[in-house]
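Notes for the one structure printed next.
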2 protein chains.
Amino acid sequence: MRRSLSSRERLIEAARHLFAGAGFDATSVRAITARAHANLGAVTYHFGSKQALYHTVIERFALPLADRLAAIAAEPAPPLERLASVVRGFLDHIWSHPEMPRLIARELASDRPLPSPIAHVIRRNAEAISRIVAEGQRDGSIRPGPPQLFAMSVAGQPLFLALAGRAIREATGKDPADPAARSLITEHVVANVRAGLANAAPAPVAETAP
Amino acid sequence: MRRSLSSRERLIEAARHLFAGAGFDATSVRAITARAHANLGAVTYHFGSKQALYHTVIERFALPLADRLAAIAAEPAPPLERLASVVRGFLDHIWSHPEMPRLIARELASDRPLPSPIAHVIRRNAEAISRIVAEGQRDGSIRPGPPQLFAMSVAGQPLFLALAGRAIREATGKDPADPAARSLITEHVVANVRAGLANAAPAPVAETAP
DNA sequence: TAGCAGTTCATACGTTTGTATGATATGATA
DNA sequence: TATCATATCATACAAACGTATGAACTGCTA
């Protein structure tokens, strides 16, 4: 844990790592402060509670991701190309925030209400992707079906593949920390999403505007 | 909690529900025994420890799933059909064991070594699916690419869609507990996997044996 | 130098945790 | 009825937990 960072930042960094690895409940305030080289009271002082620190950790990755994907969704490219960009952006964001899929997975698995930043990012991304899919269905480039389910598949594949990094390492011998393996995985998911959504029949020519 | 079941079975049932909803660490032995209408000492008596009860819960769904998918994989059908059957079997198993994806997601997210029944079922399924994919690539019905990554996508989509049931309910208004919604989701995943793996070009005729 | 806000520190408190213990109850067998 | 393994029960215990408290330290401003 870098001593150069402020105590508050060190706490966030330590908490992110420990929450992702062991979950909220199995991570003690004592473990966090020890890893951050901070005093036991530091969490209460800087954040008020362990819960509040947890929410801070989540906001750190959730808000930028929502913004990033919204920007991609607004690009002036064909729907399938934009969806490929969404997948690339998603995975790129995950590679630089490896804790994200683990924290999200735990929250999705949980009975507790979703922390609001997570609920927010899921809602925004699902809507943005659904809109792209619907647009592609209108112009015939994407096959028919419920856009919301397509959206779950588009977002779910990057999330799950990252989450299963461990299993992938065992099954393929490739370490997802290695850039070559990362781009292999990225290209796989992009190709899979593209092939999964594309209209098999050559897209019928959309009626030209009068 | 049905009183008709043996105390041991009631403990497993209660534990499965609570572990899935709150995770291992946030579930207390007291909560389990209260839900099972059993005495506090019952977990120690019947299983030896909370950990051992957890492992019992996991084995209950992991072993049957591995057997089931292995049977499907051995069927004498074309590779793409067998993969569709794998997806259906996977989802069918999940619908009757809704706790499964939640428990698996938590384990995949965790730093701890995978409990052996989970590691076992992952390994067996990944191998079985990879073999089908490789076979399909040989006969030209499945597009080229690393079979292990295809396997992760095939298994990951049912798992993730089930895990995201909550988000799906919010986004689509459909409750995955409803059979109609279930078959909608099942058919979506089947179609998605099929389209994602199929060779876009018409399969080249395999050389006939001499 | 005095004062003060911001931060760090050691320590204490009341809960909750998983497990151990020994007494009691139950139901089949002798 | 006596015996015995199996099961249930109420308690006890030490450890770990999140948080609160008040003293000590820090660096800046008056």
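Note that the structure is a prediction, hence the values are computed from the model and not measured.
- Of the candidates C:dT8, D:dT11, C:dT11, D:dT11 carries the atom nearest the B:L40 side chain, counting heavy atoms from C-beta on.
- Position along DNA chain D of the nearest nucleotide to A:S28 versus A:G48 favours A:S28 as the more 5'-ward residue.
- With salt bridges taken as basic N to acidic carboxylate O contacts below 4.0 Å, one links A:D25 and A:R112.
- Atom-to-atom, CZ of B:R10 to P of D:dT8 comes out at 7 Å; the value is rounded to the nearest Å.
- B:T33 comes within 4.0 angstrom of no nucleic acid atom, judged by non-hydrogen atoms across all strands.
- The distance from atom CZ of A:R8 to atom C1' of C:dG6 is 14 Å, rounded to the nearest whole Å.
- With D:dG18, C:dT17, D:dT8 as the candidates, the nucleotide lying closest to the side chain of B:R30 is C:dT17.
- The interatomic distance linking B:I32 (CD1) with C:dT16 (P) rounds to 17 Å, in whole Å.
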Taking it one step at a time, do A:H188 and B:S153 satisfy side-chain hydrogen bond (donor to acceptor under 3.5 Å, both in side chains)?
-> CA-CA 9 Å; A:H188 164 77; B:S153 292; 2.9 Å; yes
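- Applying the Watson-Crick and G-U wobble criteria (two distances, each under 3.5 Å), D:dC4 pairs with C:dG27.
- In this structure, CG of B:L53 is placed 10 Å from P of C:dT19, rounded to the nearest angstrom.
- Side chain of B:H46, nearest nucleotide from D:dT8, C:dG18, D:dC17: D:dT8.
- Taking 4.0 Å as the cut-off between side-chain N and carboxylate O, B:R82 and B:E75 do not count as a salt-bridged pair.
- Phosphate contact (OP1/OP2 of C:dT8, side-chain N/O of A:S7, threshold under 4.0 Å): present.
- Residue A:D25 contributes atom CG, which lies 13 Å from atom C1' of C:dT16 at whole-angstrom precision.
- In this structure, CG of A:L11 is placed 11 Å from P of C:dC9, rounded to the nearest angstrom.
- Rounded to an integer number of Å, the gap from CD of A:E9 to P of C:dT8 is 13 Å.
- Listed candidates were C:dT19, C:dT8, D:dT8. Nearest to the side chain of B:N39 is D:dT8.
- Taking 4.0 Å as the cut-off between side-chain N and carboxylate O, B:E187 and B:R88 count as a salt-bridged pair.
- Comparing B:V29 and A:A38 along DNA chain C, the residue whose closest nucleotide (by nearest heavy atom) sits nearer the 5' end is A:A38.
- The nucleotide whose nearest atom lies closest to any side-chain atom of B:K50 is, among C:dG6, C:dT19, D:dT8, C:dT19.
- Remark: C1' of C:dG18 and CZ of B:F47 are 16 Å apart, rounded to the nearest angstrom.
- Salt bridge annotation for B:E99-B:R60: absent, with no cationic side-chain nitrogen under 4.0 angstrom from a carboxylate oxygen.
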